[in-house]
4 protein chains.
Amino acid sequence: MVKPIDSSIKDENLIKQRREELQKGAVSLFKQKGFHRATTREIAKAAGFSIGTLYEYIRKKEDVLFLVCDAIYDEVKARMESVINIQESTREALHEAVKSYFQLMDDMQDEVLVLYQELKALPKDAQEYVLGKEKEMLQLLERVIQDSYPSLTEKELSLISNNIFIQGQMWGFRRWILQKEFTLEEYTDLQFELLQTQLGKRAIQ
Amino acid sequence: MVKPIDSSIKDENLIKQRREELQKGAVSLFKQKGFHRATTREIAKAAGFSIGTLYEYIRKKEDVLFLVCDAIYDEVKARMESVINIQESTREALHEAVKSYFQLMDDMQDEVLVLYQELKALPKDAQEYVLGKEKEMLQLLERVIQDSYPSLTEKELSLISNNIFIQGQMWGFRRWILQKEFTLEEYTDLQFELLQTQLGKRAIQ
Amino acid sequence: MVKPIDSSIKDENLIKQRREELQKGAVSLFKQKGFHRATTREIAKAAGFSIGTLYEYIRKKEDVLFLVCDAIYDEVKARMESVINIQESTREALHEAVKSYFQLMDDMQDEVLVLYQELKALPKDAQEYVLGKEKEMLQLLERVIQDSYPSLTEKELSLISNNIFIQGQMWGFRRWILQKEFTLEEYTDLQFELLQTQLGKRAIQ
Amino acid sequence: MVKPIDSSIKDENLIKQRREELQKGAVSLFKQKGFHRATTREIAKAAGFSIGTLYEYIRKKEDVLFLVCDAIYDEVKARMESVINIQESTREALHEAVKSYFQLMDDMQDEVLVLYQELKALPKDAQEYVLGKEKEMLQLLERVIQDSYPSLTEKELSLISNNIFIQGQMWGFRRWILQKEFTLEEYTDLQFELLQTQLGKRAIQ
DNA sequence: TATGAATGAGTTTTCATTCAT
DNA sequence: GATGAATGAAAACTCATTCAT
């Protein structure tokens with residue numbers, strides 16, 4: 001299910017390029033002031049073009065938010081896929097996956113923050129579309145875990161994946177408390193240790 | 001440390017009462033449309049007074065947001081304190097505490113959602129003030145856990161408390177996925193089981 | 001021709017007293033912020049009573065301005081009359097009169113400033129009423145001059161009185177320039193010297 | 001020393017042109033109702049553009065007042081300079097200068113009135129900037145007088161210039177009394193006569 | 001395609017005035 | 001007579017969106 005945004009521009013490549021510029025500028029702007037406080041003029045400026053040009057590539061201000069959220073999810077997802085080795089499904093692979101995921105969440109803290117705070121400002125249908133991508137990411141995690149710990153029940157698997165998922169996001173989202181107490185490495189190691197305890201216990205049941 | 005909001009009304013009791021009305025109305029409004037999409041006129045109406053009266057009790061629209069966030073935290077905190085039995089510190093007490101906390105988060109889903117989405121719209125100092133209350137809640141959780149499992153390291157204690165804390169919030173915040181797969185009871189039980197595994201392992205170390 | 005302001009209070013003495021308080025407070029307020037920038041709440045506060053009470057003694061905000069302008073003129077006029085000795089009409093008396101008038105304008109700079117800046121904000125009829133008082137003051141000056149220099153034509157008399165009159169007001173109104181170059185004494189002496197030249201010349205014609 | 005007003009318009013020429021339109025409309029509006037009673041919508045309308053457009057060329061309502069005061073002073077000053085012949089410094093030139101200045105004050109009565117009433121509504125720094133222009137005008141007068149009557153002391157020169165200056169302004173400001181008794185010609189002639197008496201006396205000292 | 005000036009509906013905020021206590 | 005809470009009309013100002021160039 002795609003959710004394309006109308007544009008009066010014909011050249012598809014140009015659209016792609018401009019929207020990328022737009023998205024980059026908008027994220028850094030939304031980081032600072034959030035979607036609602038950012039004006040379309042500021043968005044255009046941050047993207048490097050005029051207000052008139054902005055409206056050649058979107059129809060409403062809300063479209064910018066959609067574009068941004070969509071792009072962030074795409075990037076997170078792409079990087080997760082590139083990093084998670086599904087072929088290899090040892091327990092070591094899980095460790096690597098979690099480490100890579102947490103590292104990714106550290107790299108993309110600001111983007112994730114924007115996502116958390118502004119997603120609800122999207123219209124319901126756009127929200128659902130974007131959250132679909134999150135589900136795919138969750139499934140990616142689930143698969144890695146299941147490969148290493150096949151004896152988990154479906155609910156255990158689902159819950160544990162969810163927990164890891166949000167623990168990664170929280171590293172950035174709750175940085176004001178977590179990053180004062182832990183380095184990324186400490187956080188990663190300790191969370192993984194706790195995870196292993198849970199999994200280990202369950203694996204031998 | 002208090003953060004009072006100026007009012008031109010002299011009767012302190014009236015201020016208290018009206019602000020409570022205001023806060024009640026505003027929460028239910030923000031649930032629907034969020035802070036930014038709600039107009040001051042709508043806020044006044046939702047609280048049951050005229051726009052003029054609204055501005056007798058606040059100075060800026062932002063003040064409403066502060067009032068709301070502050071009140072939510074206060075309520076959550078008060079209910080947590082009333083529910084967590086610090087006297088009794090058996091492991092059963094921890095179970096009760098976690099169950100009560102998750103129940104509370106279920107009851108106050110909408111409020112927590114509002115908090116998550118709008119907190120960043122507050123000025124920095126108000127944000128810090130409000131987040132201070134969150135820290136106190138975290139400490140409450142920490143204390144209960146520590147009483148039952150005194151051998152945990154400081155970092156383990158901190159991380160585990162954080163995990164429980166956000167797992168409670170996520171129950172409401174990520175309802176679109178969790179509440180489709182779990183009932184509150186299932187979610188609570190399974191999370192507590194996982195928690196016990198972690199704690200049990202560590203307790204006997 | 002009187003221009004009374006309605007009041008719901010019966011006790012005439014109380015009205016008089018309260019309006020005096022009001023007028024005092026208002027002048028000092030208008031000095032700072034001008035009539036338009038001063039709110040009725042501030043006016044009430046400056047006068048030492050509540051907004052409700054304020055409206056027992058006036059009907060509209062504009063009434064305050066009228067009261068103030070009226071009171072200032074009354075005071076200026078009363079002090080001029082007390083100071084100008086009409087009985088004695090030597091040329092020395094003129095010197096005394098001018099000196100006293102300039103001193104008076106120095107004492108009441110702020111009041112005169114308020115008058116200059118806000119009089120035009122009054123409705124036409126109130127303006128006319130108040131300006132009537134100014135004419136009486138001018139006539140006072142005219143009479144003193146005429147007594148000493150009876151050979152002046154009517155127009156000369158009128159113009160010279162006007163000039164003295166505004167030179168007095170300017171001392172306060174244009175203080176930003178005059179009071180940097182002159183002391184009050186210097187200003188008075190030099191203006192009077194110039195005046196004498198004019199009068200002397202004309203007296204012997 | 002300039003005091004520029006921010007605008008979101010890029011075309012400098014357009015800014016100049018629009019602000020001129022704005023200033024023209026605003027003066028005629030302020031003449032009628034004064035600055036405070038004029039709404040921004042009325043100002044926009046008087047200038048011939050929409051409220052949105054108005055705010056493309058100014059930041060605050062106050063900016064309009066500054067624009068207006070500044071423009072009036074500039075016009076008065078330009079016309080004074082064009083009319084006062086500094087080359088030629090006979091006593092006849094002084095007569096011409098005074099006549100021209102009084103004529104100018106007659107032409108611009110309304111503008112001068114606006115200036116008198118609204119200048120104090122400007123922020124202090126803008127006031128000082130504008131009053132700087134008034135000083136330059138005073139110096140212009142001083143120079144003309146000094147050229148014809150070089151033996152005057154500095155204080156005499158300063159005071160006499162000031163007197164002429166305000167006599168011109170008062171012609172418009174106190175029209176309710178002066179213009180009932182004098183024609184402009186009579187006023188000019190008589191004031192000049194009085195002036196000459198003073199100067200003549202002093203010149204031969 | 002790109003630009004940016006123009007627009008006006010909609011928003012926040014103020015404040016003179018009223019009126020129940 | 002005094003008080004001050006309540007009111008809402010009206011004000012300043014913003015900003016998404018359009019459209020002529």
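Chain letters run A, B, ... following the sequence lines, proteins first and then strands; every chain starts at 1. Hydrogens, waters and symmetry mates play no part in the numbers below; they use all other heavy atoms, side chains included.
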Options dC13(F), dT7(F), dC15(F), nucleotide nearest the side-chain atoms of T39(A)
dC15(F)
Check the distance between dC19(E)'s P and I51(C)'s CD1 and give it to me in whole angstrom.
15 Å
Please state whether the phosphate of dA2(F), meaning OP1 or OP2, lies under 4.0 angstrom from any side-chain nitrogen or oxygen of R18(C).
yes
Is any NZ, NE, NH1 or NH2 atom of the basic residue among E111(D) and K24(D) found under 4.0 Å from an Asp or Glu carboxylate oxygen of the other?
no
Do R19(B) and E56(B) meet the salt-bridge criterion of a basic N to acidic O distance under 4.0 Å?
no
Return no unless some side-chain N or O of K60(B) is found under 4.0 Å from OP1 or OP2 of dT13(E).
yes
Checking K61(D) side chain against F35(D) main chain: does a donor-acceptor pair fall under 3.5 Å?
yes
Interatomic distance where NZ belongs to K61(A) and P belongs to dA9(E) [whole Å]
20 Å
Under 4.0 Å, heavy atoms only, any strand: does A38(B) hit a base, just the sugar-phosphate, or nothing?
sugar-phosphate
Euclidean distance, atom CD1 of residue I9(A) to atom C1' of dT3(E) [Å, nearest integer]:
12 Å
Value in whole Å for how far the P atom of dT11(E) lies from OH of Y55(B)
12 Å
Expressed as a whole number of angstroms, how long is the span from R41(A):CZ to dA5(E):C1'?
9 Å
Sort out the partner of dA20(F) for me: Watson-Crick or G-U wobble, both distances under 3.5 Å, none otherwise.
dT3(E)
Presence of salt bridge, E21(C) and R18(C), under 4.0 angstrom:
yes
Considering heavy-atom distances to DNA chain E, does G48(D) or R37(C) have its closest nucleotide positioned more toward the 5' end?
G48(D)
Nearest whole Å is fine: how far is dT7(E) P from F49(D) CZ?
9 Å
5' priority, DNA chain F, between K10(B) and S8(C) [closest heavy atom]:
S8(C)
Side-chain donor/acceptor contact of R59(B) with base of dT12(E) under 3.5 Å
no
Comparing nearest nucleotides in DNA chain E, the 5'-proximal residue of the pair L14(D), E56(A) is E56(A)
Within this structure, what is the NZ-to-P distance between K45(A) and dC15(F), rounded to whole angstrom?
14 Å
Within less than 4.0 Å of OP1 or OP2 of dT7(E), is there a side-chain N or O belonging to T53(D)?
yes
Is the closest basic N to carboxylate O distance between K33(D) and E42(D) below 4.0 Å?
yes
For the pair made of NE2 in H36(D) and C1' in dA16(E), what is the distance, rounded to whole Å?
16 Å
